[in-house]
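Structure first, commentary second.
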Number of protein chains: 2
Amino acid sequence: MSTQRSDARRNYQRILEVAEAEVAAHGADASLEQIARTAGVGSATVRRHFPTRQALLTAVFRERIEHLIAYADGLRTADDSRAALLDWLRTLLDYAVSARGLADALTYEPPTDRPAPHSCGTTLESAGAPLLARAVHDKTVNPDVTPHDLITLTVGIALATEHHASPTTEATHLLHLLTTGLIPAPGA
Amino acid sequence: MSTQRSDARRNYQRILEVAEAEVAAHGADASLEQIARTAGVGSATVRRHFPTRQALLTAVFRERIEHLIAYADGLRTADDSRAALLDWLRTLLDYAVSARGLADALTYEPPTDRPAPHSCGTTLESAGAPLLARAVHDKTVNPDVTPHDLITLTVGIALATEHHASPTTEATHLLHLLTTGLIPAPGA
DNA sequence: CACGAAACGGCGGGGCCCGCCGTTTACCGT
DNA sequence: ACGGTAAACGGCGGGCCCCGCCGTTTCGTG
């Protein structure tokens, strides 16, 4: 079926498994050579399957991204559009904070990204878009907020808290501030 | 005066100058060896003056940090405490976005940072604290916002927009969203 | 079973960071 | 003015990493 040879497919899987562990342990800049070594393949093979580090990260996080997309889909029919959006953002942030390297992977989209319109970030944005649109339609969210803004802000929180003492608690706190507004408009 | 030898002082300055340029060009992970090379010193000398990369970055950004602190001081007596805080945040963000590496330097405070209570981030936080306190006192800002939150959120925006198409415009937009509130409380 | 192409992986080059250690250089006291 | 000493220097080698090349193995197929 797949135009790929069987050993190639096997190596691909093996590398991916090892990469998941390694990225979880060392973050987005885990050593490719180390991955190759513990996967029992040459480092060239790793780069053959994943030409760029970003490609590897995308593959590593694919499952989680899809999970997030599915979650967003489920939330589309929720009663309270505002709560749904909040819920999704919290989940997204939780993922970004707990999965080392995810946030970094999400920031690195655009070095002339023509042939990758379904890379991590873009798909996430289109998954969040309906939730956002509905919330905007219900007047609970400012209309000049774009899906892109959602992702970027969340990723930003994750990145900024990454090296702190207790990232999770701090991140949730910051998300709260973000949603509620740091310095509301004067008429408050 | 200084217990330091004259050549040491000279090298220190020279390295610092080169480092500024190099960091401006290549961000927080500029090559230390490259800096040493164009400064005309051995790489060991660089590490002798700046034991860690973070130390070098701190020195590189010292001026700007102090400028920000001075600006905050000037704003302490402004008429409108809310506007003052906003003004400072905007300036801070502007610095963080335009000076490559600054944001990264600000996230990396705490690997058991005992003897460095006046590292970039900490001093910035104490500079912002009075502005924040006054704004809180005037009821224009939620009281559970800490100075640390201010810095972290701003840095987060800078980090997340760093690799995007037009960081500055996007960053200011995001700051606007942040201050005004992404998803205000239900009673809106 | 044999053959062609796909896939592999070892090797060398270049770079970076780091620590060691012999050498130079500035300072100070005589 | 000068010599001694400690501070400061910088070259070198080791370890790790990423990258590209290219001869070799291995899979799939006719």
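Note on naming: letters A, B, ... go to the chains in the order of the sequence lines (proteins, then strands), and numbering restarts at 1 for each one. The model shown is predicted, which means the values in this text are computed figures rather than measured ones.
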In whole angstroms, how far is the [atom2] atom of [N] from the [atom1] atom of [X]?
| X | N | atom1 | atom2 | answer |
| --- | --- | --- | --- | --- |
| E33(A) | dC11(C) | CD | P | 13 Å |
| Q54(A) | dC18(D) | CD | P | 15 Å |
| Q34(A) | dG15(D) | CD | P | 16 Å |
| I35(A) | dC18(D) | CD1 | C1' | 13 Å |
| F50(B) | dC17(C) | CZ | P | 15 Å |

Inset, instruction - Look at the aromatic rings of H164(A) and H148(B) and report parallel, tilted or perpendicular, splitting at 30° and 60°. - result: perpendicular
Inset, instruction - Remember a base hit wins even if backbone is also touched, and classify A8(A) as base, sugar-phosphate or nothing at under 4.0 Å, heavy atoms. - result: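 Result for A8(A) = sugar-phosphate.
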Legend entry - Check: N11(A)/T45(A) side-chain N/O donor and acceptor closer than 3.5 Å: no
Inset, instruction - For the residue pair Q13(B) and R10(B), confirm or rule out a side-chain donor-acceptor distance under 3.5 Å. - result: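 There is no such pair (donor and acceptor under 3.5 Å, judged by atom type) between the side chains of Q13(B) and R10(B).
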Inset, instruction - Step through the shown structure and confirm whether more than 12 heavy atoms of other residues, nucleotides or ligands are within 6.0 Å of CZ on R100(A). - result: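 Atom CZ in R100(A) is packed in, count exceeds 12.
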Heavy atoms from C-beta onward define the side chain here; which of [options] lies closest to that of [X]?
| X | options | answer |
| --- | --- | --- |
| R37(A) | dC20(C), dC18(D), dC17(D) | dC17(D) |
| T45(B) | dC8(C), dG10(D), dC17(C) | dG10(D) |
| S43(A) | dC16(C), dC8(C), dC19(D) | dC19(D) |

Legend entry - Contact list for residues 3-35 of chain B, test ring-ring contact (aromatic ring centres under 6.0 Å, His included), sequence neighbours left out: Y12(B)-H49(B), Y12(B)-F50(B)
Inset, instruction - State whether the side chain of R47(B) and the backbone N or O of L32(B) hold a donor-acceptor pair below 3.5 Å, judged by distance alone. - result: no
Inset, instruction - Classify the side chain of R48(B) versus the base of dG19(C) as yes if they form a donor-acceptor pair under 3.5 Å and no if they do not. - result: no
Inset, instruction - Test for a donor-acceptor pair under 3.5 Å between the base of dG10(D) and the side chain of R47(B), counting only N and O atoms. - result: no
Inset, instruction - Take nucleotides 24-30 of chain C nucleotide by nucleotide from the 5' end and write B, S or -, depending on whether a protein heavy atom sits under 4.0 Å from the base, only from the sugar-phosphate, or from neither. - result: -BSS---
Inset, instruction - Name every residue in residues 13-32 of chain A that has at least one heavy atom under 4.0 Å from any atom of DNA chain D, in order of residue number, or write none if there are no such residues. - result: A30(A), S31(A), L32(A)
Legend entry - Side-chain N,O (N11(A)) to OP1/OP2 (dA7(C)) below 4.0 Å: no
Legend entry - OP1 or OP2 of dC9(D) under 4.0 Å from side-chain N/O of H49(B):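 Answer yes for this pair, as a side-chain N or O of H49(B) is under 4.0 Å from OP1 or OP2.
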Legend entry - Candidate list T180(A), V145(A), L132(A), T179(A), test side-chain contact (heavy atoms from CB on, under 4.5 Å), partner I183(B), passing option: T179(A)
Legend entry - Given T107(B), T146(B), L92(B), T122(B), the one that forms side-chain contact (heavy atoms from CB on, under 4.5 Å) with I151(B):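 For I151(B), the side-chain contact (heavy atoms from CB on, under 4.5 Å) check succeeds only for L92(B).
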Legend entry - Chi angles and distances behind the side chain to side chain contact (heavy atoms under 4.5 Å, CB included) call for L102(B), V23(B): CA-CA 9 Å; L102(B) 214 189; V23(B) 167; over 6 Å; no
